[in-house]
Each structure stands twice: as structure tokens, then as C-alpha cells.
Undergrad: 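Got a structure here, written out as C-alpha cells. Questions coming.
Being a predicted model, the structure only gives us computed values, none of them experimental.
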Amino acid sequence: MLRFFGRGAGFSDAHNSAFFGLGNKLVIMDCPLVTFNRLKKDGPEVFARLSADDRGSEDNSDYSSKYNTEYNSDSQKSENSDKIEEIIAVITHTHSDHIGGLALTIHFARFIWKIKVTVIAPSELVKENLAYMLENLDGCSKETYRLVTAEEYISEFEPGECWLKAAILTKHVPELEGRCFGYNLTVGGKNIIYTGDSNTLEPFIPYMDEGSELYTECSAFDTGVHMYVDRLLEYRQFFEDKNIQVYLMHLDDAAQIENKTKNTGFKLAPLAGEGGSKMKHFKSDEIPLKDICDISSALYAEMCSDKEKDHNTIFEYMTELGRAMADADRASFWKWDRLKKQLWTTSATGVDRIVIPDNTGLVGKALKEGRVVVTNDPYNDPDFNKEVDLKTGYTTKSVLVMPVADINGVFIGAFQIINKNDDSGFDEVEDVRKLSMAALICGLAVESESFYEESHHDKLTKLKNRMGFYSDFSRKYNKVIDEGKPISLYISDIDKFKRVNDTYGHNAGDDVLAFVANLMENECTNNECMYRWGGEEFIMMMPDTTLEECVAKAEDIRKKIMNSTINADGNEINVTMSFGCRLFDPKKSIEHNIHRADEHLYTAKESGRNCVIYQ
């Protein structure tokens with residue numbers, strides 16, 4: 001059977017992340033960020049704990065030998081059967097909550113574990129999309145991984161011998177029409193149907209043999225783009241007649257789904273470690289259980305909602321959880337910005353956001369010395385900053401600061417609690433124990449936030465990249481469309497940019513790109529956003545904006561760039577840009593709309609460049 005690192009939907013902390021063993025290969029179904037984090041942290045241990053039934057077998061030695069020679073000649077076969085010797089990433093579609101950790105996993109597996117990675121795309125089109133992302137956006141050289149379609153992979157085996165049986169085209173969001181798939185697999189002798197993200201089961205029915213296992217996404221809400229639980233229940237008799245075991249994954253509200261599927265025989269997809277690990281149980285009077293449950297439940301509901309949110313939601317709830325656990329009056333979580341040498345509160349109960357130099361205060365001391373700092377007499381402590389109390393009139397009686405590290409042991413922030421409610425003061429051992437869970441989750445959230453931001457931004461220009469564009473579209477622009485408001489966009493590129501690189505060098509070219517990106521981003525209003533589409537191409541999205549307004553802004557930016565002199569690697573350079581504008585057609589796909597805007601850009605190029613075309 002399949003195991004899962006996470007079984008959550010798009011807004012969850014642990015995105016849907018399935019895996020299984022195949023001999024000495026680890027197969028992962030999609031690769032969200034949670035997959036990378038778990039593999040980086042304890043992948044070999046998770047793999048070693050898989051039972052023989054879970055791991056199955058693979059006897060195609062000729063294929064394995066050929067593959068080792070062609071792809072990874074420096075690999076050495078391990079005598080340890082518990083060692084991962086290859087990772088196979090089977091991709092269903094290219095939404096960021098399904099491939100957000102793919103490039104990181106490729107780099108980590110190749111350069112740290114020294115093993116090969118095979119990425120299986122369900123179709124040639126998805127393969128092209130993945131190749132563009134991995135090579136052009138994430139910098140994965142072709143030597144670090146192998147990318148094949150499912151059909152190409154299956155063809156490398158004798159007929160009927162491959163564990164991968166078929167990629168199954170299904171329906172999800174309109175933007176991914178023709179590019180969203182599930183799979184038919186054989187794992188441990190079982191016929192497996194894995195739907196990926198789908199709003200229907202119909203494409204998968206022909207693959208459901210007697211005694212099959214179905215891993216299907218399940219939504220508590222009828223959104224039209226995910227498999228609604230009520231619709232899934234309509235198949236219950238079919239499943240019973242064919243003795244099909246149903247496992248539910250990609251859950252947006254597990255509590256509601258469990259309640260609706262009670263007594264059906266449906267099961268939640270099994271998480272890694274379920275059934276074997278034992279947790280320490282605390283006495284009921286040791287922790288405020290009701291507070292923990294209330295806060296955890298509220299956070300879960302918030303994360304499963306369709307409201308726009310970011311990691312600060314986690315920080316807010318975890319800060320409140322830490323305060324409740326330690327029975328403190330106030331709590332705050334601080335991020336450490338090493339580049340700016342600043343500490344600032346992501347969430348703080350009872351006060352507004354605070355920014356201080358990283359070499360001051362008790363938080364600065366805790367991070368500098370890498371240890372827990374406790375003071376129950378703060379006004380006589382030379383490291384305590386009294387300024388906030390003087391401004392607000394608050395009286396601080398006791399403080400505990402707990403430094404928080406990332407998975408590599410590098411300190412990235414600190415959890416602070418103030419004023420024990422019973423006035424007894426903080427105990428370094430007992431209160432740190434109570435605070436540790438909230439602090440740990442905040443640390444993981446900071447690390448996840450960093451990876452997320454890096455994967456969605458272009459390093460040179462600091463603009464959001466193509467992955468960031470698609471993420472924003474699903475979270476932000478789709479809502480604008482649903483509200484019936486217009487969206488305009490332009491795509492632009494720097495005229496004769498190759499000549500800049502050829503004449504002045506690539507460092508100068510980079511300076512030109514950074515200058516242009518900064519100028520255009522500064523022209524964005526609060527609801528507009530600039531993206532680096534690739535190379536010297538940029539896209540601006542303008543919600544609730546008419547085409548005429550879009551054209552006027554593009555024209556204004558064109559003139560400003562034309563009249564700017566850029567200091568590029570010591571050279572004074574002038575460039576111009578061409579623009580193609582379009583009013584977004586909600587009845588057409590994202591790709592279609594961008595293609596039409598790109599056609600206008602092409603017309604601008606053919607019309608002499610340095611102009612704006614919109615029809």
C-alpha cells in the first residue's frame with residue numbers, strides 16, 4: 001500500500017505526499033515541499049521502516065544495469081538493502097502544492113545522497129512544462145536528473161512487467177485542461193488507482209479491478225474542481241461490489257470528511273509512522289488540554305478555509321498556543337533577518353509589530369549565545385529593553401526566550417513569553433518543555449516560508465517567477481474573475497537584449513534586467529503585480545483594470561525606460577521595450593490569454609519595437 005507524509009489539500013501545512021518502496025527505489029507520487037523536507041530530514045529511516053510488502057520487488061536487472069551505466073556511472077550498488085538507490089518522482093500535474101519540492105529534492109538527492117532521480121511526467125506536454133521549470137527556473141542541469149514520460153518509462157520494460165501501468169487523463173481546473181492525470185500502478189501485488197487532483201472518478205473506473213485499492217482526493221466542499229465527498233459516496237455500492245478499498249487523500253477538512261464517510265469502509269490515507277510509533281502521554285493536569293484543542297481546531301479550520309492567508313496565520317495561532325501552554329500573559333515569535341541584522345515580531349499577543357537590532361535585548365542575547373534565556377527580575381537585567389514598557393505602561397515581571405533553529409541547526413528566530421500568570425516566574429526546564437511544540441512548529445513554518453518564497457521568486461530581479469505567477473493566479477486572480485471584475489495584463493520584453501549581452505557582457509545584461517524589473521515593479525499599485533516570465537520577458541497583472549488603463553500604464557513605463565540611462569557594469573546603456581496588452585478572457589485558459597498578449601508583443605517587435613500594441 002501507499003504511505004503519506006501528508007494528505008492535506010492546497011492550503012494545508014502538509015500537502016498530499018504519497019510514497020512507496022520498490023526494491024531499493026523510493027517512489028514518490030508528486031513532490032510538494034513537505035516531501036523534500038521529510039526526505040531531507042529522515043528519508044532513509046522512513047524507507048528502512050517500510051515492510052517487504054510495502055516495498056515490493058523489481059527484477060529487471062538488465063534495465064537497472066543499463067540505466068546505471070548511462071545515467072549514473074559513479075553510483076555504487078549498496079550492500080545494505082535498506083539504502084535508497086534511486087528516487088522516482090511520478091508527477092500528476094504542475095500545481096505548486098504538487099511539485100514545489102521537486103527541484104530541491106533533485107539537487108539534494110544527487111549532490112548529498114549521490115543517487116539518481118527519475119522524474120516521470122504523465123504526458124509530453126507536462127514533460128515540456130517540467131523541463132522548462134526545472135532547467136530555466138530552478139537551475140537543475142540535465143545531468144542531475146532524468147525526465148521521461150510515463151509512456152517512455154513503461155516502454156523500457158518487457159510488456160506487462162512494469163509497476164507503472166498507465167497515466168490516466170482526468171479533469172481538474174480549466175487552466176490545466178489536458179495536463180492533469182492520475183495513475184494506475186501495481187504495488188506489492190495490488191492494483192492501485194491514484195487519482196491525483198480530480199473532480200471526477202469516471203476516467204478511473206475502467207482500471208478498477210476486483211480487490212483494487214483506490215487512493216482518491218476528497219473535498220468537503222463542492223468547488224467543481226475537486227472530488228466532492230457527496231459525489232464520491234454515490235460510488236459506494238460499486239466499491240462494495242468490486243471489493244475495492246478506498247483511501248481518502250488531498251483533504252481540505254478531514255473532520256467533515258470523516259463524519260460523512262463514517263461506516264462506509266472508506267479510510268484516510270495512512271500517514272508514515274502510523275501504527276508503529278508511540279508518543280509519550282502526559283498527565284491531564286500537566287497541560288491545559290482544552291486550550292490546546294481549541295487553538296489547534298481553530299488553526300486547522302483556518303488553514304482548510306479558502307480565505308487568502310500566509311505563514312503568519314500559523315505564527316499567530318502557535319504564538320497563542322505557546323502562551324497558553326506556558327500559562328503566560330503575553331507571547332511573541334521573532335524572526336531573525338541576518339542580512340538586515342534585525343529582529344522583528346511575526347506575531348505578538350498584546351502588542352503591535354516590533355523591530356529591533358539583532359544585537360539588543362534578551363531575544364538578541366538568546367540568539368547570539370544559542371541558548372534559552374530566563375529572567376524573573378527583568379528591570380535589573382542589563383540585557384532587558386525597557387523601551388516598550390516605557391511607551392505602553394506595561395510592567396514586565398518575567399521573561400523566557402527560546403531560540404528556534406531550522407532543520408540544519410541554524411538559528412532563525414526565537415519564541416518569547418512574558419509574565420507567568422501566577423507570578424511564580426519561569427522555569428527553564430519545565431516551561432521550555434511546554435513551549436517546545438509551538439516553537440518547533442514556528443521554526444518549521446519559517447523554514448517552509450523561506451523555501452516557498454525562494455521557489456516563487458527570481459533571484460536576479462527579485463520579481464515573482466512563473467511558478468509564483470501560477471500560484472497567485474489560483475489564489476488571487478481566480479477570485480477577481482469569479483467576482484466578475486476585469487483583469488488586464490501586458491507582456492513585455494527588452495528590445496535587442498542579446499546585443500547588450502554580446503556588446504557589454506552578461507554582468508551588464510544582468511544589471512539591465514534588474515534595473516528594468518525594479519522600475520516596472522515600482523510602477524505597480526497595491527493590487528498589481530510584476531512577474532519575470534523568463535529571459536528578458538516580463539508580465540504585469542492588473543486586476544480590476546480596463547484594457548485602456550493597461551495600455552496607458554504600459555505606454556508610461558515604455559517612455560520611462562526609453563528615457564533612462566542604466567549604469568550596467570560600469571557602462572551607461574540605454575534600452576527600449578516593446579509591450580503587448582490584453583484584456584483577460586475568463587472563458588479562455590491562462591496560456592491562451594498569454595499567447596494572445598504575446599502575439600501583440602510580436603506585432604510590436606515587427607512594427608519597429610519600442611511601442612505598445614493591444615489589437
Undergrad: Between Phe221 and Tyr228 (judged by ring centroids, cut-off 6.0 Å), do the two rings come close enough to count as a pair?
TA: no
Undergrad: Do Asp197 and His98 get their side chains close enough for a donor-acceptor pair, meaning under 3.5 Å?
TA: yes
Undergrad: Centroid-to-centroid, Tyr183 to Trp163, below 6.0 Å?
TA: no
Undergrad: Can you find a pair of side-chain heavy atoms, one from Phe4 and one from Met249, that are under 4.5 Å apart?
TA: yes
Undergrad: Just grab all the side-chain hydrogen bond (donor to acceptor under 3.5 Å, both in side chains) pairs involving residues 211-220, residues at least two apart or on different chains.
TA: Asn191-Ser212, Glu213-Tyr215, Glu217-His226, Glu217-His250, Ser219-Asp252
Undergrad: Using ring-ring contact (aromatic ring centres under 6.0 Å, His included) as the criterion, list what pairs up with Tyr490, not counting sequence neighbours.
TA: Phe579
Undergrad: Give, for atom SG of Cys162 and atom CZ of Phe157, the distance between the pair rounded to the nearest 0.5 Å.
TA: 4.0 Å
Undergrad: Grab the two heavy atoms, one from Ala150 and one from Leu164, that are nearest each other, plus how far apart they are.
TA: CB-CD2, 4.0 Å
Undergrad: Could you pull out the closest heavy-atom pair between Cys31 and Ile28, with the gap in Å?
TA: SG-CD1, 3.9 Å
Undergrad: Side-chain contact, heavy-atom cut-off 4.5 Å: Ile192 with Phe20?
TA: no
Undergrad: Quick one: sort the His107 and Phe111 rings into parallel, tilted or perpendicular, breaks at 30° and 60°.
TA: parallel
Undergrad: Does Trp113 form a ring pair (Phe, Tyr, Trp, His ring centres under 6.0 Å) with Phe108? I'd like the steps, not just the answer.
TA: CA-CA 7 Å; Trp113 285 351; Phe108 190 84; 5.6 Å; yes
Undergrad: When you compare the side chain of Thr105 with that of Phe36, does any pair of heavy atoms fall below 4.5 Å?
TA: yes
Undergrad: I'd like to know if the side chain of Arg146 reaches the main chain of Lys142, judged simply by a donor and an acceptor atom lying under 3.5 Å from each other, with no hydrogens or angles considered.
TA: no
Undergrad: Asp598 side chain to Ile491 main-chain N or O, any donor-acceptor pair under 3.5 Å?
TA: no
Undergrad: Roughly how far, to the nearest 0.5 Å, is CD1 of Ile84 from CG of Asn24?
TA: 9.0 Å
Undergrad: Closest heavy-atom contact between Lys459 and Lys462?
TA: O-NZ, 3.0 Å
Undergrad: At their closest point, which heavy atom of Gly160 faces which heavy atom of Lys165, and how far apart are they?
TA: O-NZ, 3.3 Å
Undergrad: Could you give me the CA-CA distance, side-chain angles and deciding distance for Asp222 and Val229, then say whether side-chain contact (heavy atoms from CB on, under 4.5 Å) is met?
TA: CA-CA 8 Å; Asp222 191 6; Val229 62; over 6 Å; no
Undergrad: Look up atom CZ in Phe204 and atom CD1 in Ile193, then write down how far apart they are to the nearest 0.5 Å.
TA: 9.5 Å
Undergrad: Any chance you could measure His95, atom NE2, to Glu175, atom CD, to the nearest 0.5 Å?
TA: 6.5 Å
Undergrad: Quick one about Asn129 and Thr94 (side-chain donor to acceptor, distance below 3.5 Å, no hydrogens or angles considered), yes or no?
TA: no
Undergrad: Under the 3.5 angstrom rule, does the side chain of Ser589 hit a backbone N or O of His592 as a donor-acceptor pair?
TA: yes
Undergrad: Might you confirm whether atom OH of Tyr602 has over 12 heavy atoms from other residues, nucleotides or ligands at distances under 6.0 Å?
TA: no
Undergrad: Taking Met467's backbone N and O only, do any of them form a donor-acceptor pair with Ser471's side chain (distance below 3.5 Å, no angle check)?
TA: no
Undergrad: When you measure from the side chain of Thr144 to the backbone N and O of Cys140, does any donor-acceptor pair fall under 3.5 Å?
TA: no
Undergrad: Quick one: do Lys127 and Glu152 satisfy salt bridge (Lys or Arg N to Asp or Glu O under 4.0 Å)? Show the steps, please.
TA: CA-CA 11 Å; Lys127 177 183 174 182; Glu152 290 169 341; 3.2 Å; yes
Undergrad: Please determine whether a side-chain nitrogen of the Lys or Arg among Lys464 and Asp458 lies less than 4.0 Å from a carboxylate oxygen of the Asp or Glu.
TA: no
Undergrad: Quick one: is the NZ or CZ of Arg466 closer than 6.0 Å to the six-membered ring centre of Tyr132, and within 45° of its axis?
TA: yes
Undergrad: Between Glu86 and Thr118, does the side chain to side chain donor-acceptor pair (under 3.5 Å) criterion hold? Intermediate values first, please.
TA: CA-CA 8 Å; Glu86 180 185 354; Thr118 294; 3.0 Å; yes
Undergrad: Between the side chains of Arg231 and Glu234, is the shortest nitrogen-to-carboxylate-oxygen separation below 4.0 Å, so that they form an ion pair?
TA: no
Undergrad: Could you give me the CA-CA distance, side-chain angles and deciding distance for Phe473 and Met541, then say whether side-chain contact (heavy atoms from CB on, under 4.5 Å) is met?
TA: CA-CA 10 Å; Phe473 209 100; Met541 293 295 292; 3.9 Å; yes
Undergrad: Does the Arg532 side chain pair with the main chain of Gly535, one donor and one acceptor, at a distance under 3.5 Å?
TA: yes
Undergrad: Decide side-chain contact (heavy atoms from CB on, under 4.5 Å) for Thr35 and Asn37; before the verdict, give the C-alpha distance in whole Å, the side-chain angles of both, and the deciding distance to 0.1 Å.
TA: CA-CA 5 Å; Thr35 303; Asn37 285 335; over 6 Å; no
Undergrad: About how many Å separate CG of Leu201 and OG1 of Thr170, when rounded to the nearest 0.5 Å?
TA: 8.0 Å
Undergrad: So, Arg236 and Glu240, do they make that salt bridge, N to O below 4.0 Å?
TA: yes
Undergrad: Do Leu489 and Phe584 touch side chain to side chain, with heavy atoms closer than 4.5 Å?
TA: yes
Undergrad: So, for Lys476 and Cys529, which heavy atoms are closest and what is the spacing to 0.1 Å?
TA: NZ-CB, 4.4 Å
Undergrad: So, taking the atom named CE in Met133 and the one named CG in Asn465, what distance separates them when rounded to the nearest 0.5 Å?
TA: 10.0 Å
Undergrad: Using 30° and 60° as the class limits, which term best fits the ring planes of Phe469 and Tyr477: parallel, tilted or perpendicular?
TA: tilted
Undergrad: So, the side chain of Lys242 versus the backbone of Met208: is there a donor-acceptor pair under 3.5 Å, distance only?
TA: yes
Undergrad: Check this for me: does any side-chain nitrogen of one of Lys260 and Asp230 sit under 4.0 Å from a carboxylate oxygen of the other?
TA: yes
Undergrad: Is Lys605 paired with Asp493 through a side-chain N to carboxylate O contact shorter than 4.0 Å?
TA: yes
Undergrad: Do Glu151 and Val148 have side chains that get closer than 4.5 Å, going by heavy atoms?
TA: no
Undergrad: Between Glu591 and His595, is any side-chain donor less than 3.5 angstrom from a side-chain acceptor?
TA: no
Undergrad: Ignoring hydrogens and angles, state whether a donor on the side chain of Glu537 or Tyr531 is under 3.5 Å from an acceptor on the partner side chain.
TA: no
Undergrad: Are Asn199 and His172 side-chain neighbours, meaning at least one heavy-atom pair lies under 4.5 Å?
TA: no
Undergrad: Using modelled atom types and a 3.5 Å cut-off, is there a donor and acceptor pairing between side-chain atoms of Asn243 and backbone atoms of Glu210?
TA: no
Undergrad: State, yes or no, whether a side-chain contact exists between Thr149 and Ile120 at a heavy-atom distance under 4.5 Å.
TA: no
Undergrad: Closer than 3.5 angstrom, by distance alone: can the side chain of Thr261 be matched with the main-chain N or O of Thr264 as a donor-acceptor pair?
TA: no
Undergrad: Taking all heavy atoms of Ile244 and all of Asp209, pick out the closest pair and write down the distance.
TA: CG1-O, 4.0 Å
Undergrad: Does Ile106 form a side-chain contact (heavy atoms from CB on, under 4.5 Å) with Val119? I'd like the steps, not just the answer.
TA: CA-CA 9 Å; Ile106 289 172; Val119 181; 4.0 Å; yes
Undergrad: Could you check whether any side-chain heavy atom of Phe497 comes within less than 4.5 Å of a side-chain heavy atom of Leu513, counting everything from C-beta outward?
TA: yes
Undergrad: I'd like to know if Lys479 pairs up with Asp482 as an ion pair, taking the criterion as any Lys NZ or Arg NE/NH1/NH2 lying under 4.0 Å from an Asp or Glu carboxylate oxygen.
TA: no
Undergrad: Has Asp97 got a side-chain atom pairing as donor or acceptor with His15's backbone, closer than 3.5 angstrom?
TA: no
